[in-house]
Amino acid sequence: MTAEARLGQVANYVDERTGAAAWMKKNLQKVFPDHWSFLLGEVALYSFIILLLSGTFLTFWFDPSQREVIYEGSYAPLEGIKMSAAYASTLHISFEVRGGLLMRQIHHWAALIFMAAIVAHLMRVFFTGAFRKPREGNWIIGVGLLTLGIVEGFLGYSLPDDLLSGTGIRIAEAIIQAIPVVGSYLAYFAFGGAFPGEAFIPRIYTVHVLLLPGAFLALITAHLMLVWYQKHTQYPGPGRTEKNVVGYPLMPVYMAKAGGFFFIVFGVIAFLSAVASINPIWLYGPYTPGQISAGSQPDWYMGWLDGLVRMAPPLESHYFGYTVSWNILIPGLIVPGILFTGMALYPFIESWITGDKREHHLLDRPRNAPNRTALGAMSITFMIVALINGGNDLIATHFDLSINQIMWGTRFGIFILPPIAFVVTKRLCLSLQRADRELVLHGRETGRLLRLPHGEFVEVHEPISPEKAYLLTSHEQAPALELPEVDGRGVKRAGAIRNKIRSRMSVAHSEAIPKVSADDLKEIEH
Amino acid sequence: MSNEIEAIKDPGLPAHVHRKADHDPVAAKRAERQVAILFGISALGTLLLIFSYSFIPDDVFIFIPVMGEQNAHQLGLGLGMAISLFFIGMGAIHWAKTLMPDQEVIAHRHEFRSPDSDRKEFVQAVKDGAGAAGLGRRSLIKRSLGAALGLSALSPILLLRDLGPLPGNELEKTTWKAGTHLVTDPGNRRIKASDLEVGAVAQVLPEIEDPEHRHLSDIAKDAVLLIRLRPDEFNLDADRLAMTHEGIIAFSKICSHMGCAVALYEQQTKHLLCPCHQSTFDVTRAAKVIFGPAARPLPQLDITVDGEGYLVARNPFSEPVGPSFWERDSR
Ligand code: HEM
Ligand code: FES
């Protein structure tokens, strides 16, 4: 019997027991648009699966306990040293379990790539406007996954109980402790008493291997079901409309590509783990609160937070014998809280500004939404400045600067550079739009020169293809909202200030270089 | 909107271009062979992994250009695994790209919004349901339900109460008392002023009965840094100067910012630097913050010597050490 016939039998078997034929038929022919940027979310998904597999492997040997033991393993420099069972078991995984070090490195590299893929995926969704109706819910799930990812990564980093990770926990404790009114209570509850105690690592272990992975699975499932049900967005172009999806069917092309891509991601992570050492905890030694290693660094996805904490001014207030540590609260809780809330709400903010409540399935080219693209560039700039300050000690030694210079540079930079990035990006988008307009009107420069009868040289322009012309002009250019400040009877409307803000933002949002219409082209021909 | 001016027309999907393997059996056969070779390379990777696992001891090092000395066992395992996985992926994708249909297909998309009649009935059903329950009218029920739900949310919070003891004023206390000896860490030996040369730094802890079982939670508050300067190098008021002994000044080693160990001492500038967020403290001016996010100086420990010349604390710390917290009365 051929492979086809055998698979056919399986399909029959399944249908006779579930009656799923109609549903399966439709879904196996489900169409997926193809574009490299649609792979970013897949990288995140596959890294998560790799985290589940490698993490489970680690749990077989990892001992999440802060019980004190004396090291007797094969790593000679630490022999006879007192340490927690967690640290000793991580040394055991690294030195005695064959493949254990590889798995630790795979787990850590997969975590870094998981976070990088989520961030890149989120940027793709943002800059192309894929978060617009009806996909606001999936955007919020995505922001949730990003936030949980940061927490999960931090907890994982804290598990081995080496000097670096213990220092990270100390800082987390200080943030909890700084919360007004209940801070010291929360810290005592989290740590089962005074820091560091013996309760914290067993507790975060449960969160790291059970609670959050469960939450990830639930959120990822919901995320993918929504993508499935709402169908994927697609980039604009000839033949692609709001009413169709152009791409490859799930079976076999998409399955083969996606399945193959999983192995490629896994292979690349395994390769990185084979050749690039990461978190060599045996070099740091066990955690003790009286010591520290110079150049303490969190993973990159925490670096921006560390950078914000580093640049905060030394501000602390005292009210009636109580203390409020602004130097911790502002960079550690308030600013991240505002950033992430703003990010989660952005789809609703944008639709409020534009008044656009329609469904969108065709993506925007980033240049055609200059305001949004500029806002994205501004946020990225903010994060990069913060991240740079998070590595100020490393940068200082590498580039021969002083930490003071970098600190002061970023303290000003965090306020000055993001607005500059906004303005520059917006101008850039508009000039790209202008270039598109030129291209449609006058065609492509060929580099060939032509000598006119009176001696002047002109460059020959070649008209672009109708496909290209359509791509460059198919986007919509909505005018700004008209929000009169007074109603029909000349009475000032309620919420006048809100309306004013809204109409200002709407004007900024609709700024554009007029795209070429068919009439413009006709005019040129004459 | 764009409906007033006529937009450029959609020319439709570009025509499909066939690949060589679509009509040339030789090319198709070649593609098939390429896919098989990729899967074959993957199998070799698995063999490398098995070989490294079973036969390369974990203390063999080999030299690899650019990377330097590498542990052969680890490298063999990692590369074997990488090759074995990566080439399965390459094979599958090459298969999809060369031999599976590459004609794009078009599916239709429908607006998610249901027809108006359905929506009307749906909304009506919700309203009817709410009306039948009397949600609008029976405000007593609504309010008491709200209150009950709110109260019931307290129970999980209450049940979490035993996660830890109440802090009381523990955050404000350390082991240091008047007369506690300073002992070296590590080593646990009492020290004399003469053990410390001018310019030197030492970490000390309070002497306790059972130093073998010193709790990390105690070290997290008790760690103290001794620094010896020439007495004329200080720039202190009389009270603070009296807390030093022969040029030896003692500070809490726990950063007043977020509690890292303030471990870097710069002899030239006499600055203490915390590596976590670079708060910098001036030793000559009672650890005044001169840079970074810390808002308070490091608490100073009042020290002197006992009859035999060993360093002791004359007083406990006069303020809580470590990061701030709400109840801390910092004045
Ligand atoms: C999004 C998901 C996850 C992220 C971002 C993540 C991240 C991390 C990180 C950065 C470490 C430190 C690794 C090191 O350098 O030693 C770690 C350790 C660990 N993780 Fe995860 N992890 C995730 C999921 C999981 C899952 C699902 C499990 C188990 C079912 C798991 C089990 C462990 C264990 C046992 C350790 C400690 C062992 C060691 O550090 O060697 N992790 N995790
Ligand atoms: S903990 Fe010392 S500067 Fe932040």
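A note on names: the letters A, B, ... follow the listed sequences, proteins ahead of strands, and every chain is numbered from 1.
- The distance from atom CZ of B:Phe325 to atom CD1 of A:Ile176, rounded to the nearest 0.5 Å, is 15.0 Å.
- Judged purely by atom type and a 3.5 angstrom limit, A:Arg310 has no side-chain atom pairing as donor or acceptor with the backbone of B:Ser279.
- When atom types are taken as modelled, the side chain of A:Lys82 and the backbone of B:Glu212 share a donor-acceptor pair closer than 3.5 angstrom.
- When A:Ala194, A:Gly192, A:Gly290 are compared by the number of non-hydrogen pairs under 4.5 Å with chain B, A:Gly290 comes out ahead.
- Contact of A:Lys30 with chain B is not made at all, since no heavy-atom distance falls under 4.5 Å.
- Contact between B:Trp326 and A:Val324 at its shortest, heavy atoms only, is CZ3-CG2, 3.7 Å.
- In plain terms, the two heavy atoms of B:Arg109 and A:Asn244 that are nearest each other are NE-O, 3.5 Å.
- Distance alone, capped at 3.5 Å, is enough to place a donor-acceptor pair between the A:Arg98 side chain and the B:Tyr53 backbone.
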Exercise. Are A:Ser474 and B:Ile8 close enough, and set up right, to give a side-chain contact (heavy atoms from CB on, under 4.5 Å), and what steps lead you there?
Worked result: CA-CA 7 Å; A:Ser474 64; B:Ile8 292 174; over 6 Å; no
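- Contact annotation for A:Met251: neither backbone nor side-chain heavy atoms come within less than 4.5 Å of a heavy atom of chain B.
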Problem set entry | Stepwise side-chain contact (heavy atoms from CB on, under 4.5 Å) test for B:Leu171 and A:Tyr188 | CA-CA 10 Å; B:Leu171 284 173; A:Tyr188 261 59; 4.0 Å; yes
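- When the candidates A:Pro252, A:Ala276, A:Ala178, A:Gly183 are compared by the number of heavy-atom contacts under 4.5 Å with chain B, A:Pro252 comes out ahead.
- Proximity of the aromatic rings of A:Phe263 and B:Phe87 is defined here by a centroid distance below 6.0 angstrom, and this criterion is not met.
- Within the 3.5 Å criterion, the main-chain N or O of A:Ala274 finds no donor-acceptor partner in the side chain of B:Gln74.
- Minimum heavy-atom separation, B:Ser324 to A:Gln177: O-NE2, 3.4 Å.
- For the set A:Ala174, A:Pro238, A:Ala187, A:Ala199, the count of heavy-atom pairs under 4.5 angstrom toward chain B peaks at A:Pro238.
- Side chains of B:Gln103 and A:Tyr248: no donor on one and acceptor on the other come within 3.5 Å.
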Exercise. Would A:Thr323 and B:Glu327 count as a side-chain contact (heavy atoms from CB on, under 4.5 Å) if you check the C-alpha gap in whole Å, the side-chain angles of each, and the deciding distance to 0.1 Å?
Worked result: CA-CA 6 Å; A:Thr323 301; B:Glu327 298 87 348; over 6 Å; no
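- In this structure, A:Lys243 contributes its side chain and B:His108 its backbone to no donor-acceptor pair below 3.5 Å.
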For this session: Take B:Arg296 and A:Glu316, measure what salt bridge (Lys or Arg N to Asp or Glu O under 4.0 Å) needs, and give me the verdict at the end.
Result: CA-CA 8 Å; B:Arg296 286 179 288 104; A:Glu316 195 173 274; 3.2 Å; yes
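- The distance from atom CD of A:Glu242 to atom CD of B:Glu111, rounded to the nearest 0.5 Å, is 10.0 Å.
- If you measure heavy-atom distances from A:Ile175 to chain B, the contacts under 4.5 Å come from both the backbone and the side chain.
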Problem set entry | Verdict with supporting geometry, A:Val246 and B:Val105, side-chain contact (heavy atoms from CB on, under 4.5 Å) | CA-CA 6 Å; A:Val246 182; B:Val105 290; over 6 Å; no
